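These notes are about the structure you will find just below.
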Amino acid sequence: MDPESPSQIEGLLAAATIAHEAIFDLGRRLTEVGVAGAPTQALVDESARIAMIEMPGFATGARELRARWDEERVLDLPRAIQTRRELLREEKRIEPLMEASLDRLREIATAMRGLLVP
């Protein structure tokens with residue numbers, strides 16, 4: 001892990017935010033063309049929950065470890081090495097959870113796009 005580069009976790013969070021923004025826009029377009037309803041709103045709500053609550057929740061521990069590691073690598077290198085190991089383990093643990101959530105966002109977007117096509 002390069003200390004100067006953003007983690008894979010931050011990239012997944014950014015991707016989820018972008019996906020949710022696209023899904024929200026699709027929901028608005030579906031409303032404009034008169035095909036939105038309760039099921040569409042439920043998909044938009046699910047997307048918001050995944051992108052704004054669930055995925056950031058998965059990342060909390062990794063973000064805390066990353067912040068601690070950033071500080072320790074300046075002040076306490078031996079401790080930073082241990083923290084880095086913990087961070088790598090945590091990222092490895094949560095990446096599949098975050099990837100699965102991102103897959104669900106893709107499914108939602110695909111379903112909603114399908115409603116726009118006649």
Side-chain angles (χ1 to χ4, degrees):
M1 173 178 25
D2 177 359
E4 302 308 319
S5 68
S7 73
Q8 173 74 6
I9 301 305
E10 295 303 322
L12 292 171
L13 289 168
T17 299
I18 292 166
H20 172 64
E21 290 171 355
I23 289 165
F24 182 84
D25 287 344
L26 280 167
R28 188 174 42 205
R29 287 176 55 203
L30 290 168
T31 299
E32 290 170 1
V33 298
V35 293
T40 303
Q41 187 58 50
L43 290 173
V44 173
D45 292 348
E46 181 182 358
S47 171
R49 181 184 51 75
I50 290 168
M52 304 302 161
I53 298 170
E54 183 177 291
M55 288 183 68
F58 291 151
T60 299
R63 285 176 150 177
E64 290 170 356
L65 285 166
R66 176 119 181 157
R68 191 169 86 201
W69 177 63
D70 282 340
E71 184 177 301
E72 288 173 349
R73 66 189 175 106
V74 174
L75 302 174
D76 186 354
L77 191 54
R79 181 70 187 135
I81 293 168
Q82 177 61 31
T83 300
R84 181 176 177 177
R85 286 187 197 118
E86 292 174 38
L87 173 59
L88 292 173
R89 278 193 301 272
E90 179 64 6
E91 286 184 343
K92 186 175 181 176
R93 182 188 73 79
I94 65 173
E95 277 181 25
L97 300 171
M98 296 185 77
E99 289 284 357
S101 294
L102 202 52
D103 286 344
R104 179 60 185 144
L105 291 173
R106 288 184 195 104
E107 291 170 0
I108 291 169
T110 299
M112 291 178 68
R113 272 194 306 269
L115 295 173
L116 281 174
V117 179

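Small disclaimer: the values here were computed from a predicted structure and weren't measured.
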For [X] versus [Y], what's the shortest heavy-atom pair and its separation?
{"X": "Val74", "Y": "Asp70", "result": "CG2-O, 3.9 Å"}
{"X": "Met55", "Y": "Ala16", "result": "SD-CB, 3.4 Å"}
{"X": "Ala36", "Y": "Thr31", "result": "CB-OG1, 3.4 Å"}
{"X": "Ile94", "Y": "Ala62", "result": "CD1-CB, 3.9 Å"}
{"X": "Ile50", "Y": "Pro56", "result": "O-CD, 4.1 Å"}
{"X": "Gly27", "Y": "Thr40", "result": "CA-CG2, 4.4 Å"}

Any [X] side-chain heavy atom under 4.5 Å of [Y] side chain:
{"X": "Arg49", "Y": "Glu54", "value": "yes"}
{"X": "Ile9", "Y": "Arg63", "value": "no"}
{"X": "Arg73", "Y": "Arg84", "value": "no"}
{"X": "Arg68", "Y": "Arg79", "value": "yes"}
{"X": "Ser47", "Y": "Phe24", "value": "no"}

Between Gln8 and Glu91, is a side-chain contact (heavy atoms from CB on, under 4.5 Å) present by the stated rule, with each step listed? CA-CA 8 Å; Gln8 173 74 6; Glu91 286 184 343; 5.7 Å; no
Can you tell me how far [atom2] of [Y] sits from [atom1] of [X], rounded to the nearest 0.5 angstrom?
{"X": "Thr110", "Y": "Leu115", "atom1": "OG1", "atom2": "CG", "answer": "11.0 Å"}
{"X": "Phe58", "Y": "Leu13", "atom1": "CZ", "atom2": "CG", "answer": "10.5 Å"}
{"X": "Glu64", "Y": "Thr83", "atom1": "CD", "atom2": "OG1", "answer": "12.5 Å"}
{"X": "Arg106", "Y": "Arg113", "atom1": "CZ", "atom2": "CZ", "answer": "11.0 Å"}
{"X": "Glu21", "Y": "Asp25", "atom1": "CD", "atom2": "CG", "answer": "7.5 Å"}
{"X": "Glu32", "Y": "Leu116", "atom1": "CD", "atom2": "CG", "answer": "10.0 Å"}

According to salt bridge (Lys or Arg N to Asp or Glu O under 4.0 Å), who are the partners of Arg93, at least two apart in sequence or on a separate chain?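 Counting only residues at least two positions away or on another chain, Arg93 forms a salt bridge (Lys or Arg N to Asp or Glu O under 4.0 Å) with Glu90.
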Results of salt bridge (Lys or Arg N to Asp or Glu O under 4.0 Å) for Asp76 - residues two or more places apart only: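 Partners of Asp76 under the salt bridge (Lys or Arg N to Asp or Glu O under 4.0 Å) test: none.
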Whether over 12 other heavy atoms sit under 6.0 Å from Arg29 CZ: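 Counting other residues, nucleotides and ligands, CZ of Arg29 stays at 12 neighbours or fewer.
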Above 12 or not: heavy atoms from other molecules or residues under 6.0 Å from CD of Gln82?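 Yes.
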Should Arg66 and Glu10 count as an ion pair when the cut-off is N to O under 4.0 Å?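 Looking at Arg66 and Glu10, the cut-off is not met.
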Are Met52 and Ile108 connected in the hydrophobic side-chain network, where two residues link if heavy atoms are under 4.5 Å apart?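 No, Met52 and Ile108 fall in different hydrophobic clusters.
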Would a single hydrophobic cluster contain both Val33 and Ile23, if residues Ile, Leu, Val, Met, Phe, Trp and Tyr are joined by side-chain heavy-atom contacts under 4.5 Å?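 Same hydrophobic cluster.
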Apart from Ile18 itself, which Ile, Leu, Val, Met, Phe, Trp or Tyr residues share its cluster (side-chain heavy atoms under 4.5 Å, direct or through members)?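 Grouped by the 4.5 Å side-chain rule, Ile18 forms a cluster of one, so the answer is none.
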Looking at Val44, Leu43, Val35, which hits side chain to side chain contact (heavy atoms under 4.5 Å, CB included) with Leu30?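 In the set Val44, Leu43, Val35, the residue that makes a side chain to side chain contact (heavy atoms under 4.5 Å, CB included) with Leu30 is Val35.
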Trace of the side-chain contact (heavy atoms from CB on, under 4.5 Å) decision for Arg85 with Ile81: CA-CA 6 Å; Arg85 286 187 197 118; Ile81 293 168; 3.4 Å; yes
